[in-house]
Amino acid sequence: MSAPARSDAAHGGIEPASTAPALLRNFSIIAHIDHGKSTLADRMLQITGVVDERAMRAQYLDRMDIERERGITIKSQAVRMPWTVDGRAHALNMIDTPGHVDFTYEVSRSLAACEGAVLLVDASQGIEAQTLANLYLAMEGDLEIIPVLNKIDLPAAQPERYAEEIAGLVGCDPADVLRVSGKTGEGVPELLDRIVQRVPAPVGDPDAPARAMIFDSVYDTYRGVVTYVRVVDGHLDPRQRIAMMSTRATHELLEIGVSSPEPTPSKGLGVGEVGYLITGVKDVRQSRVGDTVTDAVKPAKDDLGGYRDPRPMVFSGLFPLDGSDYPVLRDALDKLKLNDAALVYEPETSVALGFGFRCGFLGLLHLEIVRERLEREFDLDLISTAPSVVYEVRMDDGAVVSVTNPSEFPEGKVGEVREPVVKATVLAPSDYIGAVMELCQSRRGEMLGMDYLSPERVELRYQLPLAEIVFDFFDQLKSKTKGYASLDYEPAGDQAADLVKVDVLLQGEKVDAFSAIVHKDKAYPYGTMMAGRLQKLIPRQQFEVPVQAAIGARVIARETVRAIRKDVLSKCYGGDITRKRKLLEKQKEGKKRMKMVGRVEVPQEAFIAALTADAAESKDGAKK
Amino acid sequence: MSPALPVGDPAPEDGALPPSAAVGAEERALALYLHVPFCRVRCGYCDFTTYTAEELGGTGSGSSRAGYAATAVREVEMSGRVLAAAGLPARPVSTVFVGGGTPTLLPPGDLLRMLEAVRDVHGLAPGAEVTTEANPDSVTPGSLAELAAGGVTRVSFGMQSAVPHVLATLDRTHDPARVPDVVRWAREAGLQVSLDLIYGAPGESRDDWRRSVEAALACRPDHVSAYALVVEAGTKMAGQVRRGELAPPDPDDLAAKYEDADALLGAAGMAWYEVSNWAARPDARCRHNLSYWRADDWWGVGPGAHSHVGGVRWWNVKHPGAYSARLERGASPAHGREVLDDDARLVERVLLGVRLAEGLPVTALPPEGRAQVAGVVADGLVEPGPGGTPPGRVVLTARGRLLADGVVRRLLGW
């Protein structure tokens, strides 16, 4: 009945650029990070004959090392696979989706390129919050949902229980939930059949001016930017001149093709087809996810809609531990930017940390990924300041200031401070409802609703300030639910809040890296915590150093680094003056590494220890 | 094997000095240090070059106590040849200091034999100061008299503390009650007396320390040295601190004890002339000690001893066996050396000179350091000139003495 379409004869009618839309199926796989999406995708590539067993690299679609190591997909790609049902060869385009909360917009564009979605759930764990959020996105886009339980080969699998849960969410019969094992291949041919049978064929006007949606854009060192598109109307041809509808920039197509899974040039792409374009541009900003590609000579009148500029939500300062690495960091960011349209940065100078960059990210994971890539691929040692969100400060005189860095918080008379909020969804075993509610309330959360997915599992919905989430919310959530809870959130506007800026001062001098915008109720705990921490870390000086936390001119916490009383070697060892001089010279070298805050000498390590203590503490907390 | 010797250049086999060592030598005094690397027991805190009889085992006659004086005499003789060969003028030695170890573990005759060699090779200047260190439990009225008769003018007793539990922590075996007796004997023999004290031993209270200072003062010494305990890497005490068996010295406690000592000694009429040294009268200052701080020339004889001649510093091999072997084959026992450049000499001049009560002329400072003088005066670290004028010399205040290293860094413009 069904078989891989390996021979040329079986490929009849599904060559790229000349496949009838009726023979195309475009789908994504929606899954939580460790629910086996990549393994299933690999198995599909193998069963459809696109990749043979020997050439198979485990998790073929995830190209970047970090993705492979973390088992997550950051950038999506598309693979074309042949599959024959009832003697008819079809072309299946599997569009990979990034699997994390920070990339909701990218997920939405990937889903918009599809007519169907495979909802993949681990049969031993059940659905997770991000999967649920992406499922809702797919359902809102009217995608055909094919529910699948994976890992049925595992002893801990509970397919009956989770089939019920999924059926309840999707609105199908539990018996319709397919059961597969990406690992053994069991059930995968049936899943491919189901995709052909259930996912609607794409529909478009072949005679209209070309319109294709960009759902991914990847920088390749050798080829420049590779743009992944789904053609909606018309046709894209080799050597055609194309235009980007958001920027009106035009480019010549140097290459057009499909991935199966290696890039293979084609005679073009027709209605409903998915493939890649190469235009020679060097920066993914010139080829933005969500944008519409059209013909430069005969452009479409309207774009496909849904395009959005990537908007950084979380800001953090990145500084090289070794100041002489600053140019390396600058070059590295310039390189990463080529492949990351959402990454923004500008130079920043900090008293405590020297020269670095203020960087904007889609979210915390995005920040972590960028930082890790900088450290790994460019061999940099970095320190990042506490993540901050974008505050809107309305002054009494009517001026409005957007603040992405606490040290830029305006001085004068502040009327109102607005902060971004998110709608957060937490899925947790019902035993942990109390713990989750307590955490959300302590983070200024407002409950929006609660639903039982099953008697054992609950979906809690909260509105929360984004600033509370970017602090250590996820770590705390995991630690309070023994790792069982999952979290998803999406931007939900902003709100006025009672926020103040807390500065940390050494002998009356502000230390920029420690300024924080916090809720009034948390100002005192933050101030005492930070003053206490610095008091322990700052070496004693020849004079007393007050360490203060202040809101404006009002001091809310004070600690004192007592003056050093003894700094002298009482004896020179039997005339060993050399030793004493060398000791002194070592102290001189040590001073070179000191940062000066007014007259106070502080080793950079002390600042770094104070800044990273949060991470260390919350990690310790998570371990408990 | 500590203290670790500094890292420097290799010293030449014959110990020859570069001609630069002779420049200006007429203006400088010549001092001689004689090291005696033996102790009956090794104290847990001590990292000086010293060995007990068991540690040395059978490493040859030259490294044994019995043969040591003869070996040391060879180096004294070598010192005369090397200095002359480098073009230094013949200078009678102005001070001799016999240190250790425990010099008085050697029979007085051995000590005097070494002193005799100094006299033969260099000559002793009129009124030369000749000091020997001594343990209170290794002297008798007779041995002290014998030393005095042989030319020793001064004895420095390692009293360390008057409090039995502190002495026990320091592994000192003498009976504190014996100290007044040995001081009296020394004085009866016509020797000047200095007492060495150590503060900050684990478990020593402020009261313990004040009792020790008062006990020292009750002996009416001519001179007192008070040193903060430093836990040196590689000592038995460092291991005890690392394992948590002993508390490490607390810098605030050390500072308070220094202030206690300065107050008590000052009240008894003793004045500081160097950060850790007090004298009852100007002529009771240890001139040998001052030679170090004034960057005079001195030759250190013995294993692990340091020398300085005209901007050349060197240090001998540490082990008595290696030391005697080198001398026996006619080679210099020097292990490493460094020839100070102008920068290093400036740094040393400041770091040594600032420690003295006579201070350092402001003109000796580098320009960037001179610019700091007003600041260290304003911070109460350096005495102002008369009537609050800018000082002509850098003289540390009591607080400045405790923070001397920081003051030196500032005065060097670092």
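Below, chain A is the first sequence line, B the second, and so on; all start at residue 1.
- Within a 6.0 Å sphere centred on CZ of A:Phe355, other residues, nucleotides and ligands contribute 12 heavy atoms or fewer.
- For a residue to count as touching a neighbouring chain, one of its non-hydrogen atoms must lie under 4.5 Å from one of that chain's; by this rule B:Arg401 touches chain A with the backbone only.
- Interface remark: B:Arg410 contributes side-chain atoms only to the contact with chain A (heavy atom separation under 4.5 Å).
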For B:Tyr258 and B:Trp278, what are the C-alpha separation, side-chain angles and deciding distance, and is it a ring-ring contact (aromatic ring centres under 6.0 Å, His included)? CA-CA 12 Å; B:Tyr258 181 87; B:Trp278 288 259; 5.7 Å; yes
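- With a 4.5 Å cut-off on non-hydrogen atoms, B:Ala256 touches chain A through its backbone and its side chain both.
- Note: A:Phe514 and A:Phe607 meet the aromatic proximity criterion, with ring centroids under 6.0 Å apart.
- Side chain of B:Trp414 to main chain of A:Lys588: no donor-acceptor pair is present (N/O by atom type, distance under 3.5 Å, no hydrogens or angles).
- A:Lys582 touches chain B through its side chain: at least one heavy atom from C-beta onward sits under 4.5 Å away, while N, CA, C and O do not.
- Minimum interatomic distance between B:Glu338 and B:Asp9 (heavy atoms only, all atoms of both residues): CA-OD2, 4.5 Å.
- Per-residue counts of heavy-atom pairs under 4.5 Å with chain A were compared for B:Gly8, B:Ser276, B:Ser291; the largest is that of B:Ser276.
- By the 6.0 Å contact criterion, CG on A:Asp521 is enclosed, its count of non-hydrogen atoms from other residues, nucleotides or ligands being greater than 12.
- Considering only heavy-atom pairs separated by less than 4.5 Å from chain A, the leading option among B:Val275, B:Val347, B:Asp252 is B:Asp252.
- Only the side chain of B:Asp379 comes within less than 4.5 Å of a heavy atom in chain A; its backbone stays farther off.
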